[in-house]
Each structure stands twice: as C-alpha cells, then as structure tokens.
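For reference, the structure discussed in these notes is given below.
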Amino acid sequence: MTLKASTGSPFARILSVGSAVPSRVIDNDYLCQFIDSSDEWITQRTGIKERRWVGEGENIETLSITAATSAIERSGIAPEDIDAVIVSTISHYEQTPALAPKLAHLLGLGDAAAYDISAACAGFSYGVAQAEALVRSGQARYVLLIAGETISDITNMTDRGTAFLFGDGAGAVVIGPSEVNGIGPVVWGSDGGQFDAIRMSHDIAGGVKAGEFPTITMDGQAVFKWATSHIAQATRRCLDEAGITPDELDVFIPHQANNRITDTLLRYLKLPEKVVVARTIQHLGNNSAATIPMAMDALLTSGEAKSGQTALIIGFGAGLVYSGQVITLP
Ligand code: UT7
C-alpha cells in the first residue's frame, strides 16, 4: 500500500519577531554583594554592565506570552493557521509536561502541536531548523517558536563562576512558507564529551535539599576555549552552506555569552566594518535560548538592522551543543 506523504512549501522564512524584557534591572554592584567580584572585572571579562531579572508578577509564562503575542501580531497571520508551537527553554520548572502546550492554550492556538526542546543557548537556532523543516515538509503551515528563560530562578547567587552571567527574557518568531528562501541550511552539532561543562543537576550542585531546585554550574574556561575554536569554525560553515561570503553579510547575531567570544568570532570571520554586530549582552546579560531573538528584535526596533537584511545567527551552550544558520531578517 502506498501512503500519502505531506508536501509543504519549497522555502520557509521568519515572518516576524517579538520579545519581552523583564522589568528588574540588576547591575554588577548589586551582584557583588553576594560574590567576591567587581563591576570592573565583570565589565572587562564579559562586557556585561547589567542584566534584567523577573520582577513582581513576571515569570517565564508572562514573558513568553508577551513575546509570542507580539510576534503573532507582527506576522499578520491568523492564530488558527499556527499548527505547531515549539518552546526552547532550560528554566521551565516541570520535567513534564512541557511548557509549549500551556503557552499554546494561553495564546488561544487551539490544538496546535506543542513541545519543548532542551538545547540550552543553542535552542533558538535548533528551533529555527525544526520549524523550517516542518514548514517545508508540510507538517505545519506556520510554526510559532518561543525561546523563554528565567535563568535567575536557577542561578546560585553565591557562585562566582556564573552569578554575574545570566539574565531573564523571552523572544519569539513565526516561521512560515515563502517564495524565496529565507533560512539557510543549519550547521549544528554536539560534544557530549563535555557533558559536565555546563550543568544543572542535583549531584553537581551538591547539598540540594528536598524541595529546592538545582542551580547552574559551569566550567567557564572549557566553554570559552570550545566557543573560540569549534564555534568559530562553525560560523564559517554557516556562510559556506548558505552560499554567501562574509562581505555579503549585513548583521551578525552570535549568542551573547561573552563579548570576548564575539570579538574572537569577528576576527576569525574577518567580517567587514559595515556588518552590524549584536552586543545586547551589555544590558541584558546572557539570556540562554532567548538571547538571539531578543537581540534580533532589539536591532530591528532600534533601526540598526533592517527587515530583509541577511544575518548570521549562532548559539552554543550546555550539552555541549551548537547551532547556527544564515537567515533573512523579518
Ligand atoms: O551561555 C552558555 C555558554 N557559556 C559561555 O560561553 C561562557 C564562557 N566562559 C566565559 O565567558 C568565561 O570563562 C567567564 C566569564 C565565565 C570567566 O572568565 P575567565 O576569564 O575565563 O575567568 P577565569 O576563570 O579564567 O579566571 C581568571 C581570573 C582568576 O584569577 P587569577 O587566578 O588570575 O588571579 C579568577 O580567580 O579571574 C578570577 N575570577 C574572578 N574575579 C572576579 C573568576 N571569577 C571571577 C569573578 N570576579 N566573578
């Protein structure tokens, strides 16, 4: 018996982006009450001056809903045309169920397929790859991809290696069919040999009491070394796979983990001066999966980047995992 197969659009693109920035501003001096550090060290070693944490009435759901509502409105499509909701997060409290069905319900998206992915700081790019594949295969007409994080909930305020790094926030995009291609081939991978480099688990956190939630631990130097070697090569492969040269790029949105990592990637790629580079880390810190869509929205809203421009995105983090692709900005 021959079964019918779904058929989709030959191409896909990001139609729109939205984001949510929490209200509570946490500067370096505030954190230095809890760790032996200084505003000067954090600024010089990472580029971070302040980050946003959730305040009164804000949580991963409210941030995600705000970002998603904005993305859906800006896409101009009817909510009922969204067939799938993918949520990328590492800070949703429940092992199961996933956050995605709840968000789909709160957004009034009917019985859209809904699931979470756990690819940490690479999660947005992983999600773009999946959404693109769903649209092109005909498994979904439109996909809502949300990256939502409240890393402040899983940060050990007294851990000198991580307390200063992370911020909360959410970003969302709608991905749908297109007559011209707006999403280049994904370049992604993993190195489970470095499974321990960034973790959130009871055994590593040690001494976690029943009822307490585990916090993030990180071997910063190991991740830094990997990011500045392996990820640098991956950025070049993203351009090659998309068939463009560094000169043809307009915008570079790397994961905002450390400005020194971004500087190394820039040197490696030899990007021309005209390329706009995301530096949201200064005011938002590292927002894990939400970093790239938040930065994308910020650049478009400020006018530094323009709709239709060609951008390279790349994320990397716990796993270790990485993922990137060239996209056309919505
Ligand atoms: O988003 C997920 C992916 N994550 C990343 O990509 C993170 C990658 N790693 C990093 O960004 C950096 O490793 C960190 C920012 C986390 C740390 O910076 P670093 O330059 O690698 O610091 P280090 O651990 O090599 O320590 C350098 C020095 C040491 O002092 P001595 O031995 O040179 O005197 C540390 O004791 O800095 C000291 N140090 C600090 N000083 C003030 C380490 N942490 C701190 C601190 N404040 N918080």
Side-chain angles (χ1 to χ4, degrees), residues 13-23 25 27 43 46-52 63 66-68 70-71 73-76 121 124-125 127-128 145-147 149 167-175 182-184 231-232 235-236 238-239 242 244-316 323-330:
R13 70 182 173 102
I14 300 176
L15 276 72
S16 58
V17 60
S19 65
V21 176
S23 59
V25 180
D27 64 18
T43 307
T46 69
I48 302 172
K49 290 300 287 181
E50 60 189 25
R51 72 287 292 141
R52 297 294 189 100
L63 296 177
T66 301
S70 164
E73 280 173 9
R74 289 172 178 175
S75 74
C121 306
F124 177 73
S125 174
V128 169
L145 168 63
I146 304 170
E149 301 283 16
D168 302 337
V173 291
V174 174
I175 292 179
I183 300 175
I231 300 309
T235 54
R236 174 63 58 80
C238 290
L239 299 181
I244 69 163
T245 63
D247 287 350
E248 291 171 305
L249 199 66
D250 300 308
V251 182
F252 181 37
I253 312 179
H255 175 50
Q256 302 286 289
N258 189 320
N259 260 344
R260 290 186 293 134
I261 294 177
T262 299
D263 291 340
T264 306
L265 300 181
L266 283 172
R267 279 195 297 275
Y268 181 85
L269 282 172
K270 297 188 176 61
L271 293 183
E273 284 285 308
K274 57 138 190 156
V275 175
V276 173
V277 181
R279 298 278 188 184
T280 45
I281 194 168
Q282 191 183 354
H283 297 296
L284 298 177
N286 173 346
N287 312 98
S288 186
T291 304
I292 291 173
M294 288 174 78
M296 192 188 298
D297 195 20
L299 289 175
L300 287 166
T301 303
S302 69
E304 288 167 89
K306 307 243 175 324
S307 172
Q309 285 186 323
T310 302
L312 168 61
I313 63 173
I314 186 132
F316 49 88
S323 182
Q325 58 269 90
V326 176
I327 55 154
T328 303
L329 289 174

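It should be emphasised that the depicted structure is a prediction, and the values quoted were computed from it without experimental measurement. Below, all heavy atoms of this structure are taken into account, side chains as well, without hydrogens, waters or symmetry copies.
- Of the candidates I313, V326, I314, T235 forms a side chain to side chain contact (heavy atoms under 4.5 Å, CB included) with just one, namely I314.
- P330 places a side-chain heavy atom less than 4.5 Å from the side chain of M296.
- The minimum heavy-atom distance between L249 and L312, with the atom names listed, is CD1-N, 3.7 Å.
- Considering all non-hydrogen atoms of both residues, L271 and P246 come closest at CD2-CB, 3.8 Å.
- Between L299 and S302, the shortest heavy-atom contact is O-OG, 3.1 Å.
- Side-chain atoms of T310 and E248, non-hydrogen and from C-beta on, never get closer than 4.5 Å to each other.
- D297 and G18 make their closest contact through OD2-C, 3.6 Å (heavy atoms, listed as atom of the first residue, atom of the second, distance).
- Looking at heavy atoms from C-beta onward, V128 lies in side-chain contact with Q325 at the 4.5 angstrom threshold.
- A distance of 13.0 Å separates CZ of R279 from CD1 of I253, quoted to the nearest 0.5 Å.
- Among all heavy-atom pairs drawn from A147 and P293, the shortest one is CB-CG, 4.2 Å.
- The minimum heavy-atom distance between E149 and A290, with the atom names listed, is CG-N, 4.1 Å.
- C121 has its side chain within reach of N286: a pair of non-hydrogen atoms, C-beta onward, lies under 4.5 Å apart.
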